[in-house]
Amino acid sequence: MVRLVESGGGSVQTGGALRLSCEDTGYDYSSSCMGWFRHPPGKDREGVASISPAGVSIYYAESVKGRFTISRNHAEKTLFLQMNNLKPEDTGMYYCAADTCAPGWQAIATWLPREWGQGTQVTVSS
């Protein structure tokens, strides 16, 4: 059974916005650090943003700072990624991920969580 289920992807033009959601069907959502990753076509997967269990600590990749916002809703056990001012280089498959908050989760560029969703496609056209 897949623990993390993403939704909200789609196709938009440059400057548009999308909101991704990730429902956590697991049992330890409240204690998990979570994050969003993306896999652009022809490139390696990259970290986008990560968030602590209480949502107090948040980290972003430089490429999305000021445009993307990660958040979580404990009542709904859902992780969100609000993406504004989208650019063609934001195109890719976006994945939700979760793991314990062992040292390293703050370094979004190198964090490798153990739980992954199946992804949702985001396409930004110029």
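All figures in this text were calculated on a predicted structure; none of them were measured in a lab.
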Of all heavy-atom pairs between S126 and P88, which one has the smallest distance, and what is that distance? CB-CG, 4.0 Å
Euclidean distance, S125 OG relative to K87 NZ, rounded to 0.5 Å: 15.5 Å
Please check: side-chain N/O of T120 versus main-chain N/O of S7, any donor-acceptor pairing under 3.5 Å? no
Any side-chain heavy atom of M34 within less than 4.5 Å of one from D24? yes
For the student: nearest non-hydrogen atoms of E6 and C96, plus distance: OE2-N, 2.8 Å
Between the side chain of Y59 and the main-chain N/O of A109, is any donor-acceptor distance below 3.5 Å? no
When rounded to the nearest 0.5 Å, the distance separating CG of N84 from OG1 of T69 is 6.5 Å
As an exercise, state the distance from CD of E115 to CG of L4, rounded to the nearest 0.5 Å. 6.0 Å
Could you go step by step and tell me if S32 and R72 meet the side-chain hydrogen bond (donor to acceptor under 3.5 Å, both in side chains) rule? CA-CA 11 Å; S32 295; R72 61 194 300 173; 5.7 Å; no
Shortest non-hydrogen pair, G26 vs R3, comes out as N-CG, 3.7 Å
Identify each donor-acceptor pair in which a side-chain atom of residues 42-51 lies under 3.5 Å from a protein atom, sequence neighbours left out, and give them as a table.
residue: E46; atom: OE2; partner: R38; partner atom: NE; Å: 2.4
residue: E46; atom: OE2; partner: R38; partner atom: NH2; Å: 2.9
residue: S50; atom: OG; partner: W105; partner atom: O; Å: 3.3

Salt bridge (charged side-chain N to carboxylate O under 4.0 Å, His left out) between R67 and D90: does it pass, once the steps are laid out? CA-CA 11 Å; R67 300 187 299 121; D90 295 317; 2.7 Å; yes
How far apart are the C-alpha atoms of W36 and F68, what are their side-chain angles, what is the distance that settles it, and do they pass the side chain to side chain contact (heavy atoms under 4.5 Å, CB included) test? CA-CA 11 Å; W36 287 99; F68 290 12; over 6 Å; no
Sub-4.5 Å side-chain heavy-atom contact between V5 and Q118: no
More than 12 non-hydrogen atoms from neighbouring residues, nucleotides or ligands closer than 6.0 Å to CD on Q82, yes or no? yes
Is a side-chain donor or acceptor of N73 paired with a backbone partner of T78 at a separation under 3.5 angstrom? no
Take V124 and E89, measure what side chain to side chain contact (heavy atoms under 4.5 Å, CB included) needs, and give me the verdict at the end. CA-CA 8 Å; V124 185; E89 51 263 43; over 6 Å; no
Can you tell me how far OG of S52 sits from CD of Q106, rounded to the nearest 0.5 angstrom? 9.0 Å
Can a donor-acceptor pair be found, under 3.5 Å and without considering hydrogens, that links the side chain of S21 to the backbone of F80? no
Keeping to residues at least two apart or across chains, list the salt bridge (Lys or Arg N to Asp or Glu O under 4.0 Å) pairs with something in residues 73-82. none
Heavy-atom closest contact (H74 atom, Y29 atom, distance): ND1-CE2, 3.4 Å
How long is the gap from OG on S71 to CG on L79, to the nearest 0.5 Å? 7.0 Å
How close do A97 and F37 get, heavy atom to heavy atom, and via which atoms? CB-CE1, 3.8 Å
Chi angles and distances behind the side chain to side chain contact (heavy atoms under 4.5 Å, CB included) call for Y60, I108: CA-CA 7 Å; Y60 293 100; I108 190 61; over 6 Å; no
